[in-house]
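A quick write-up on the structure given underneath.
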Amino acid sequence: AQVLVESGGGLVQAGGSLNLSCTASGLMFDARKMAWFRQAPGQEREGVSCISGVDSSSHYADSVKGRFTISRDNAKNKFYLLMNSLEPEDSATYYCAAARRFENCFGVAPSSDFNFWGRGTQVTVSS
């Protein structure tokens, strides 16, 4: 079965950092478009960042540009979201998602592009 598992969430003070990881199993990871989404209570799920499958270009929501960095390690079947300068508004459940192979992101891709989802990891930023 194709599985994505997030890790690295937790409680951090404003201004702090967290590094989320997503490990993929049961699917070919290389050349696959991957993304991070988040959802806060009472709000819709929003795209945070996307990394392309073909050219590994990265894309970010305006709210996180300059603070978050997405990256991938194809050899380990993992990708990451390094979150710096965290703000209370970043508090949410963060989900990793995988789309089809050989696709690029065009901005922060919509959730409908993604076929596989993790169960989420909670990030809480205290003020």
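This one's a predicted model, so the numbers in the text were calculated from it and none came from an experiment.
- Using a 4.5 Å heavy-atom threshold, the side chains of Arg32 and Glu103 count as separate.
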Checklist entry - Yes or no on side-chain contact (heavy atoms from CB on, under 4.5 Å) for Ser52 and His59, after CA distance, side-chain angles and deciding distance? => result CA-CA 8 Å; Ser52 293; His59 305 261; 4.0 Å; yes

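- Smallest separation of non-hydrogen atoms from Ala40 and Ala92: N-CB, 3.8 Å.
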If you look only at distance, which donor and acceptor atoms sit under 3.5 Å apart when one is on a side chain in residues 6-18 and the other is two or more places apart or in another chain?
residue, atom, partner, partner atom, Å
Glu6, OE1, Arg119, N, 3.1
Glu6, OE1, Gly120, N, 2.8
Glu6, OE2, Cys96, N, 3.0
Glu6, OE2, Gly120, N, 3.1
Ser17, OG, Asn84, OD1, 2.7

Next on the checklist: What verdict does the side-chain hydrogen bond (donor to acceptor under 3.5 Å, both in side chains) test give for Thr124 and Ser91, after you've listed the backbone C-alpha separation in whole Å, the side-chain angles of each residue and the deciding distance to 0.1 Å?
Outcome noted: CA-CA 5 Å; Thr124 304; Ser91 297; 5.2 Å; no

Checklist entry - How far apart are the C-alpha atoms of Arg38 and Asp90, what are their side-chain angles, what is the distance that settles it, and do they pass the salt bridge (charged side-chain N to carboxylate O under 4.0 Å, His left out) test? => result CA-CA 9 Å; Arg38 67 186 181 187; Asp90 296 316; 2.9 Å; yes

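- No path of Ile, Leu, Val, Met, Phe, Trp and Tyr side chains, each step under 4.5 Å between heavy atoms, connects Ile70 with Trp117, placing them in separate hydrophobic clusters.
- When the side chains of ILVMFWY residues are joined at heavy-atom separations under 4.5 Å, either directly or via intervening members, Tyr60 and Met34 end up in a single hydrophobic cluster.
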Item to check | Full working for side-chain hydrogen bond (donor to acceptor under 3.5 Å, both in side chains) between Gln39 and Thr93 | outcome: CA-CA 5 Å; Gln39 187 168 21; Thr93 301; over 6 Å; no

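- With salt bridges taken as basic N to acidic carboxylate O contacts below 4.0 Å, one links Arg101 and Asp30.
- Taking hydrophobic clusters as Ile, Leu, Val, Met, Phe, Trp and Tyr residues chained together by side-chain heavy-atom distances below 4.5 Å, Val48 shares a cluster with Leu86.
- Met83 pairs with exactly one of Val123, Thr69, Asn19 by the side chain to side chain contact (heavy atoms under 4.5 Å, CB included) rule, that one being Val123.
- No side-chain heavy atom of Ser49 sits less than 4.5 Å from a side-chain heavy atom of Phe37.
- Residues passing the ring-ring contact (aromatic ring centres under 6.0 Å, His included) test with Phe68: none are found, sequence neighbours excluded.
- The line from NZ of Lys65 to OG of Ser58 is 10.5 Å long, rounded to the nearest 0.5 Å.
- Considering only heavy atoms from C-beta on, Arg100 comes within 4.5 Å of Asn115 through its side chain.
- Linking Ile, Leu, Val, Met, Phe, Trp and Tyr residues whenever their side-chain heavy atoms come within less than 4.5 Å leaves Leu4 and Val108 in two separate clusters.
- Here the CG atom belonging to Leu81 is positioned 14.0 Å from the CZ atom belonging to Arg72, to the nearest 0.5 angstrom.
- Sorted by first and then second residue, the ring-ring contact (aromatic ring centres under 6.0 Å, His included) pairs involving residues 76-113 (not counting sequence neighbours) are Trp36-Phe79.
- Contact between Lys33 and Cys50 at its shortest, heavy atoms only, is CG-SG, 3.7 Å.
- Note: Asp55 CG to Cys105 SG = 8.5 Å, rounded to the nearest 0.5 Å.
- Nearest heavy atom pair, residue Leu20 against residue Thr121, reads CD2-CG2, 4.0 Å.
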